[in-house]
Amino acid sequence: MTIAVSQHPVRVRIAPSPTGDPHVGTAYIGLFCAAFAQRYGGQFILRLEDTDQKRSTRLSEDAIYRSLRWVGLQWHEGPDIGGPCGPYRQSERSTIYRQHCELLLANHSAYRCFCSAERLDQVRADQRSRKETARYDGFCRNLSAEQIQQQCDLGQAHVIRLKMPTEGDTVVPDALRGAVVYDNRQIDDQVLLKSDGLPTYHLANVVDDHLMGITHVIRAEEWLNSTPKHLHLYAAFGWQHPVFIHMPLLRNADKSKISKRKNPTSLEFYQRCGILPEAMLNFLGLMGYSRKDETGADVEKFTFAEMAADLDLERISLGGPVFDLEKLRWINGLYLRAFSPEQLADRALSWYREDDRAATIAALVQERVPELGDFMHHASPFYRGTLDYGLNARFLLVGAAAKKKTAVRLGAAGSLALFEDLIRQLEGLNAWTPSHVEECVRQAIATTPAGLGDGMMAVRVAVCGRPASPPLFESIIAIGRATVLVRLRQVCAMLADSNFMTDAIAATQRELDASRAALLAAEAPPVTPSSSAP
RNA sequence: GCCCCGUUAGUCUAGCGGUCAGGACACGGCCCUCUCAAGGCUGGGACAGGAGUUCAAUUCUCCUACGGGGCACCA
């Protein structure tokens, strides 16, 4: 199957939703979009899918721009730079969606639905108990005009649903998979307009892609199953649909869809621990894709321009690639070693200088630095990714501050609960300030038997890797949410391991034994040759 | 439960009917070496299983198994 590229200019887009830390998956899809656009001399558009009012934040939006710029992706149109098809923020396009919904209502390809959430839950539960596909039962599909008017007059809140065909098949032409066939009876009458008047992804996505002239939809495989709905939307509007290219999903080591629980997924995390943007992009370009030179030999190190120059999306392999930190680090090292010493020094310095936390961190560390040489020692927890936790750190993590008589042992289970609680709170925080963080930490500790001191120490060690650090809340702010959460999750994973302490104790014991053996050997008289050779 | 997608070593991948199944990360060994890296050489390790199609299947078809995704007034 060949990916059709018509005479029209290629236009592709990424459409992240600003609901959290900027995700490696966004950069992954963005990379292939941008490279595809470049390959065919088209445009690459950034659009914000912020129709979920509850979860979208400005904080996240800005972080997306920053991180995407950091990896080196450049968009031709977007909310921050404008363009001919704006606005590029879906929350600013509400009237467009509503107007289009009216169109669908008028031509009977959509209908108003007054069902309550409770009824829908009940319907779904019944269907599942009968082992059927859970889908809307069409209760409001055939309401009479009078019934609808009556409900509307009552001011009854309602949504607008797409009227899907009840029989036949829908064939999704996927550029990488060929024709994927769906039984229409499996497909829901999707909600297009929520009762708050905002569109769902499905509506907004189709309307925007059409209005913005998107020719190729390159998106993650998780969207494949909703493509039939999109196809019917295009048809209902009388529009031609774009070419669909569903990329494989990035995976955790256990092959599940990549998640922050099991992997650092935030681009900010990688930026702050010193992964080079070109290395990150290169690594992502290796996920599901490969390049070779004229001789047919595999090429693993390549720039964005090189990748774009001969990009062939049909070479994408569909098995979900595991996002392997080990290999990322290797590639990063490859780039680092390829620099001249001057370049390396330069990059290291600018990495530090361009970090907007430099002054903040300097302020935190200042009092603790008698000589400049101590600076990096104290600052290093702010610039690293994951941390190592030695024996002493592990003792402190479980709240065993041995020197204090009042110390409370939380134990592995207790501190696990503490950290999980803290993670939840920090995730939900929409203001990243020391006082907000302080409140979270205090609350989390308050639910445990530990005193503030022991609890704070446990948190400090988890976040900084050591018992001595600048003021905790300011440190947490400066380290950054993404990295703090990665560390806390790492600690949770450690605590959940029953060998959490015994492994560390055994390792320390081995070291001691080795040292003692070496000492004894040095003091013992030399072994006589005769004893070993009778 | 239902639907869809996928399946070459622990991991990323090459392969598009006939290959000694190639490369990379990781791992082991050796070399280099004041240490650690890096580098060089080298070793072990893969076509999920079963039916077909074919002179010939890793490659095509079907079934099974396993993995993943989807089934929201989230994207």
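What's counted below: heavy atoms across the whole structure, side chains too, no hydrogens, waters or symmetry copies. All chains are named by letter (A, B, ...) in the order of the sequence lines, taking the proteins before the strands, and each is independently numbered beginning at 1. Owing to the predicted nature of the structure, the values given are computational and were not obtained by experimental measurement.
The side chain of A/Leu286 lies closest to B/rC12 when the candidates are B/rA75, B/rC12, B/rC3. Side-chain atoms of A/Leu224 lie closest to B/rC5 of the nucleotides B/rC5, B/rG69, B/rA75. Checking B/rG70, B/rC74, B/rA24 against every side-chain atom of A/Thr200, the shortest atom distance belongs to B/rC74. Comparing atom distances between the A/Asp298 side chain and each of B/rG68, B/rG22, B/rC5 picks out B/rG22 as nearest. The side chain of A/Ser290 lies closest to B/rU13 when the candidates are B/rG69, B/rU13, B/rC73.
For the C1' atom pair drawn from B/rG15 and B/rA9, the interatomic distance equals 15 Å after rounding to whole Å. Spacing of P atoms, B/rC60 relative to B/rG43, comes out at 32 Å, to the nearest Å. Comparing B/rG18 with B/rA56, their C1' atoms are spaced 6 Å from each other, to the whole Å.
Within 3.5 Å, no donor on the side chain of A/Lys327 pairs with an acceptor on the base of B/rA26, nor the reverse.
A/Asp189 pairs in a salt bridge (charged side-chain N to carboxylate O under 4.0 Å, His left out) with only one of the listed residues (A/Lys163, A/Arg112, A/Arg141, A/Arg161), which is A/Arg141.
At the phosphate of B/rA24, neither OP1 nor OP2 sits under 4.0 Å from any side-chain N or O atom of A/Lys292.
Closest non-hydrogen pair, A/Trp432 versus A/Leu426, comes out as CZ3-CD2, 4.1 Å.
The distance from atom OG1 of A/Thr303 to atom CD of A/Glu278, rounded to the nearest 0.5 Å, is 10.0 Å.
By the 6.0 Å and 45° rule, A/Lys327 does not stack over the aromatic ring of A/Phe283.
Nucleic acid contact for A/Arg291: none, since no nucleic acid atom lies under 4.0 Å from a heavy atom of the residue.
Mapping A/Ala253 and A/Arg55 onto RNA chain B by nearest heavy atom places A/Ala253 closer to the 5' end of the strand. With the nearest nucleotide of RNA chain B identified for both A/Val191 and A/Val180, A/Val180 has the one nearer the 5' end.
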